[in-house]
Every structure is written in structure tokens, then in C-alpha cells.
Amino acid sequence: MRIETHTPELEDFRRSMLELLATHCSAEALTLLPEKELHRLLVRYGIQAALATTDERPAVDESHPHFRFDASQCIACYRCVRVCEDLQGQFVWHMVGRGGSNHLIVDKGACLAESSCVGCGACVDACPTAALVDRNRLELGAAATWTRTTCTYCGVGCELQAGTRNGQLVAVRPE
């Protein structure tokens, strides 16, 4: 069997799908968060961010001390829902609605601060867009170097990556 993953037809299809997804991406987010998966793909395919600037955009939820949630940049990929339910067992995120009206909400439908979120950050790591962003990343900027280390919270010994810039800890992510 021979499988081709980069034929001209597939590349045209990818470009078309990315152009549709670009309507959920702001130019500011593309510049500020180049490491997000969708942003990397938009840059690779030379597609401009095209988030609609209308009054109908939902407000950005900055109530949580660690995360920012911008529903207008959600592409309904369900990654946050799956990682929260299947990996963390928390059931904080839910996708409601159908078709073009589907949208992401927190478990109680209010704001992140009032939800049952424990602040693990798995949803932020899984999110390919600027819909869920670590607030420290926005305030402190990107890490320049990453160092593998071990969490000292409990006796399990989970491995982490500690991100630093200019000798200051600016990010921590799971190994």
C-alpha cells in the first residue's frame, strides 16, 4: 500500500480548511502566540488571520487566575473537552449547540472562576488556538529555554518541563 499525504489536491484541501479556520484567529494572537498549532499552520500556508470584529463576539473570560478564555477564537475541535474529561476526569468543558451555533462553555455556564476547574492547565496545553491561553504566557512572554524536571507536589514524581527566560521561571508544562 502506498499512502501519499502531500499531493497537490490534499494541499489545496488543507489550505481551504485553514482559510475557514482563520476566521477564528486574530492577527494579534497569531503574532503573540506563534507556538499554537493553528497559528503555525496558518503561517506555514501563508494564510492571514481573519477574525471578524463584530459586536456579536462573546466577551473574553479573564476571571480565572491562571487562564484566559476567548470563545471567539474557539474552532470547536473538542480537544479541551476530551482532555478534561478523559485524561483529567474533571468534566469542566462542554460543547453546546449544533452546527454553526455550537460553542464552548464551562460546567456551570458562568465564568471560569466559578467553575469546578482545578487549574491543571491540560486544556490550555491541548488548545490549538488562542481560545485558551495561560495568563502567565501573556504577561511574561514565551520561554527561551526548557528544562526537564520533577514535580515535588506529591510522591508520584511526575516529570515537567520548566520554561525560563533571563533566569526567570515563566512557564511550566507537562512532559
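Val92 and Val83 fall into different hydrophobic clusters, where Ile, Leu, Val, Met, Phe, Trp and Tyr are joined by side-chain heavy atoms under 4.5 Å apart, directly or via other members.
Here the straight-line distance linking atom CG of Leu112 with atom CG of Asp107 works out to 9.0 Å at 0.5 Å rounding. Here Thr147 contributes atom OG1 and Leu169 contributes atom CG; the two are 9.5 Å apart, rounded to the nearest 0.5 Å. Atom CZ of Phe67 is separated from atom SG of Cys117 by 5.0 Å, given to the nearest 0.5 angstrom. Rounded to the nearest 0.5 Å, atoms SG (Cys74) and CG (Asn102) are 7.5 Å apart. The structure places CG of Asp125 at 8.5 Å from SG of Cys120, a figure rounded to the nearest 0.5 Å. Put simply, CG on Asp70 and CD on Glu62 are 9.0 Å apart, with the number rounded to the nearest 0.5 Å.
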- Query: Should Ser63 and Glu114 be marked as a side chain to side chain contact (heavy atoms under 4.5 Å, CB included) after you check the CA-CA gap, both sets of side-chain angles, and the distance that decides it?
  - Reply: CA-CA 8 Å; Ser63 64; Glu114 296 173 2; over 6 Å; no
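For Glu85, the salt bridge (charged side-chain N to carboxylate O under 4.0 Å, His left out) test picks out no residue, with sequence neighbours left out. With sequence neighbours left out, Glu139 forms a side-chain hydrogen bond (donor to acceptor under 3.5 Å, both in side chains) with no residue at all. Qualifying ring pair (Phe, Tyr, Trp, His ring centres under 6.0 Å) partners for His66, counting only residues two or more places apart in sequence or in other chains: His64. His39 is linked by a ring pair (Phe, Tyr, Trp, His ring centres under 6.0 Å) to nothing, counting only residues two or more places apart in sequence or in another chain.
Nearest heavy atom pair, residue Ala171 against residue Trp146, reads CB-CH2, 3.6 Å. Considering all non-hydrogen atoms of both residues, Cys80 and Leu104 come closest at SG-CD2, 3.5 Å. Closest non-hydrogen pair, Gln73 versus Ala130, comes out as OE1-CB, 3.3 Å.
Summarising the hydrophobic clusters (Ile, Leu, Val, Met, Phe, Trp, Tyr; side-chain heavy atoms under 4.5 Å, direct or chained), the residues clustered with Val133 are Leu32, Leu33, Leu138. With side-chain heavy atoms closer than 4.5 Å counting as contact, directly or through intermediates, the hydrophobic cluster containing Leu30 also holds Leu18, Leu21, Leu38, Leu41, Leu42, Val43, Tyr45, Ile47, Ile75. Other residues sharing the hydrophobic cluster of Leu10, ordered by chain and number and joined by side-chain separations under 4.5 Å: none, the residue standing alone.
For residues 10-20, the pairs satisfying salt bridge (charged side-chain N to carboxylate O under 4.0 Å, His left out) are Glu11-Arg14, with sequence neighbours left out. Sorted by first then second residue, the salt bridge (charged side-chain N to carboxylate O under 4.0 Å, His left out) pairs that include residues 89-103, not counting sequence neighbours, number zero. Within the structure, the salt bridge (charged side-chain N to carboxylate O under 4.0 Å, His left out) test picks out the following pairs touching residues 23-41 (sequence neighbours left out): Glu35-Arg137, Glu37-Arg79. The side chain to side chain donor-acceptor pair (under 3.5 Å) analysis of residues 153-168, with sequence neighbours excluded, yields the pairs Thr145-Thr164, Arg148-Glu159, Gln161-Glu175. Screening residues 69-96 for ring pair (Phe, Tyr, Trp, His ring centres under 6.0 Å) gives Phe69-Trp93 as the qualifying pairs, with residues at least two apart or on separate chains.
When Leu160, Val156, Val172 are each tested for a side chain to side chain contact (heavy atoms under 4.5 Å, CB included) with Cys151, only one passes: Leu160.
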